[in-house]
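In this chain, residues are counted from 1 in sequence order. This structure is a prediction, so every number in the text was calculated from the model and none was measured.
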Amino acid sequence: MPDRAEPTLNKSEDTPSPTTPPPATPPPAGGNAVDRYFSISARGSSLGREIRGGFATFFTMAYILVLNPIILGSAEDKFGNHLSGPQLVTATALVAAVMTVIMGLGGNLPLAIAAGLGLNAVVAFQIAPLMSWPDAMGLIVIEGLLICVLVVTGLREAVMHAIPPALKYAISVGIGLFIAFIGFVDAGFATRIPGETGSVPVQLGLTGQLSGWPVLVFCLGVLLTVALLARRTKGAILISIVVMTVVAVVINEIADIAPAAWGLTVPTVPDDLVAAPDFGLLGSFSLFGAFEQVGVVTIVLLVFTLLLSDFFDTMGTVVGVSHEAGLLDEDGKVPNLGRVLLIDGAAAVAGGAASSSSNTSYIESAAGVGEGARTGFASLVTGGLFAVALFLTPLATVVPAQAAAPALIAVGFLLMAQVRHIDWEKYEIAVPAFLTIAVMPFTYSITNGIGAGFLAYVVIRTVLGKAREVHWLMWGTSALFAVYFAIDPIEQLLGVK
């Protein structure tokens, strides 16, 4: 996570605040071709600062090389298939490397790109169970193409202003709780009660109490992660993952632990530290296969959920990082915004095509800005480091869920912090926000949470005589969600079932 005064992962476009202002009088542009292309001197930076910033950003967000394979690899599709861990590491590193370099060259901003947390949870636990993995990744490609269309046509402004800011915050908070819940479950801290009816659906540990070395690794990892975050330690999440992985490897060597207790990944020292990347997942997507598995309404809502989260997360991140770097113009606009958003949309397409889930700009890029990065050259450095990581797959596949899951708890906390931006005194927005937040983890579905919040917002505004104030996109989307929630009785009335 970035070392910021306000720790957050998904920033809306409403709240960026500068913490590292640029020099008041930038030095004159240098004569070097690289310097001129990236405007390094003109933006008050230097090659050394850009390199340091690129390294800082990479080490702050490198945890995604572990978390993305664990989140996607722990889920199974409709047909019971799992994605390969080593192949996921390769796909995650490859898309991050290529798209971050393209962002540096085309957008000239110190922004890094990688698989989006929250977005991968939607794919793993909501979309994949309805279809095959190639079909699910095809929806990611469609979502990315739609983002590109929105950018090219200028419709992004309409999408940005359609959803009330409080609901945008609520969506981030709900995703945070959902991700944290996934972390507790993956680590074995919370489990489903087997064979029970009429009782609570989950319990502490496997028997109502915590037991076993793997769960201890998770608990220690949570304590270490939150301690590092509290101290605003740069690279806190990555440090925690590395330390707890080492602890897990040691414990696994000296204790008598059944391999199944660790889950999908047993922490053992790999035979090789370096290995050739496995590109087996590249191109494994079906653009229209999902339409054969689920209805059109469901597909529209799934794509809308992905687009909503991706689009606003990107806008908030781009504005926030640019503001922190002092790159906004006098009108508060981001330089090269059209190209930046187009590249980000292309990153979503690339993520789907490579089966690494939708890729997006990372707020952790602010860590590089804190080290002095002001241009796209820092992104070239970050992208280069992701390229090196392509050959370190054995190290990434050693990390058990119990060592990585604390990062999900930390992400949940950082997203939860945005709840303070919601005005809980105004029921007309507080109730929809609450339903958005609560329904996501309680139904294990991000789409359900967004739908509940949207419907509640439209209904309450209508009851209060403020129907005309509701954007037409909210009306249209809420109508789709109404059909989505009532699809079973509708099908019965139409004789479909």
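- For the pair I182/V185, no side-chain contact is recorded, criterion being any heavy-atom separation below 4.5 Å from C-beta on.
- Under the 3.5 Å distance criterion, the side-chain polar atoms of D77 are left unmatched by any main-chain donor or acceptor of S132.
- With contacts defined as side-chain heavy-atom distances shorter than 4.5 Å, the pair T477/F304 qualifies.
- Side-chain atoms of T382 come within 3.5 Å of backbone N or O of G54 as a donor-acceptor pair.
- Once rounded to the nearest 0.5 Å, the distance linking CE of M474 with CZ of F454 reads 4.5 Å.
- Contact detail for A124 and A75: the closest heavy-atom pair is O-CB, 3.2 Å.
- The neighbour count for F442 CZ, taken as heavy atoms of other residues, nucleotides or ligands under 6.0 Å away, does not exceed 12.
- In this structure the side chain of M137 reaches within 4.5 angstrom of the side chain of L83, judged on heavy atoms.
- Looking at V173 and M440, their side chains never come closer than 4.5 Å, going by heavy atoms from C-beta outward.
- Taking all atoms of both residues into account, the shortest heavy-atom contact from V66 to A404 is CG1-CB, 3.9 Å.
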Test L177 against M416 for side chain to side chain contact (heavy atoms under 4.5 Å, CB included), laying out the working first. CA-CA 7 Å; L177 290 178; M416 184 69 190; 4.0 Å; yes
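- More than 12 heavy atoms of other residues, nucleotides or ligands shown are found within 6.0 angstrom of CZ on F279.
- Remark: the backbone N or O of G372 is not paired with any side-chain donor or acceptor of R52 at under 3.5 angstrom.
- Between the CG atom of L88 and the NE2 atom of H82 there is a distance of 11.5 Å, given to the nearest 0.5 Å.
- Each of S84, P134, S284 was checked for a side-chain contact (heavy atoms from CB on, under 4.5 Å) with S355, and the lone residue meeting it is S284.
- Side-chain contact between I40 and R374 is absent, with no heavy-atom pair separated by less than 4.5 Å.
- Here the closest heavy-atom approach between residue S39 and residue T375 is recorded as O-CG2, 4.0 Å.
- Between the side chain of Y362 and the main chain of A115, a donor-acceptor pair closer than 3.5 Å is present.
- The line from CG of N448 to CG of L435 is 12.0 Å long, rounded to the nearest 0.5 Å.
- In this structure, the side chains of Q293 and K78 come closer than 4.5 Å at one or more pairs of heavy atoms.
- In terms of heavy atoms, A433 sits closest to A166 at CB-O, 4.5 Å.
- Here the shortest heavy-atom pairing between T443 and V439 reads OG1-O, 2.6 Å.
- Taking the side chain as every heavy atom from C-beta outward, Y169 and V419 never approach each other to under 4.5 Å.
- In this structure, the side chain of S379 engages the main chain of L109 through a donor-acceptor pair within 3.5 Å.
- Side chain of T298 to main chain of V294: no donor-acceptor pair is present (N/O by atom type, distance under 3.5 Å, no hydrogens or angles).
- With hydrogens and angles ignored, the 3.5 Å screen pairs a side-chain donor or acceptor of T100 with a backbone N or O of A96.
- The main-chain N or O of T92 is never found under 3.5 Å from a side-chain atom of N68 such that the two would form a donor-acceptor pair.
- Judged by distance alone, with hydrogens and angles left aside, the side-chain atoms of S240 form no donor-acceptor pair with the main-chain N or O of A236 at under 3.5 Å.
- P394 is not listed as a side-chain neighbour of L273, based on a closest heavy-atom distance of 4.5 Å or more.
- In this structure, T90 contributes its side chain and D278 its backbone to a donor-acceptor pair below 3.5 Å.
- Put simply, CG on L167 and CD1 on I437 are 9.5 Å apart, with the number rounded to the nearest 0.5 Å.
- The CH2 atom of W133 lies 13.0 Å from the CZ atom of F79; values are rounded to the nearest 0.5 Å.
- Annotation for G183 and A405: closest pair O-CB, 3.5 Å, computed over non-hydrogen atoms.
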Should D135 and F285 be marked as a side chain to side chain contact (heavy atoms under 4.5 Å, CB included) after you check the CA-CA gap, both sets of side-chain angles, and the distance that decides it? CA-CA 6 Å; D135 296 340; F285 71 98; over 6 Å; no
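- Going from atom CG of N359 over to atom CG of D344 covers 9.0 Å, rounded to the nearest 0.5 Å.
- Under a cut-off of 6.0 angstrom, the local environment of CZ in F481 is crowded, with over 12 non-hydrogen atoms contributed by other residues, nucleotides or ligands.
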Using side chain to side chain contact (heavy atoms under 4.5 Å, CB included), reason through L408 and I71 one step at a time and then give a plain yes or no. CA-CA 10 Å; L408 300 181; I71 290 175; 3.9 Å; yes
Before giving the answer on side chain to side chain contact (heavy atoms under 4.5 Å, CB included), spell out for F386 and L65 the whole-Å C-alpha distance, their side-chain angles and the decisive distance to 0.1 Å. CA-CA 9 Å; F386 272 115; L65 295 172; 4.1 Å; yes
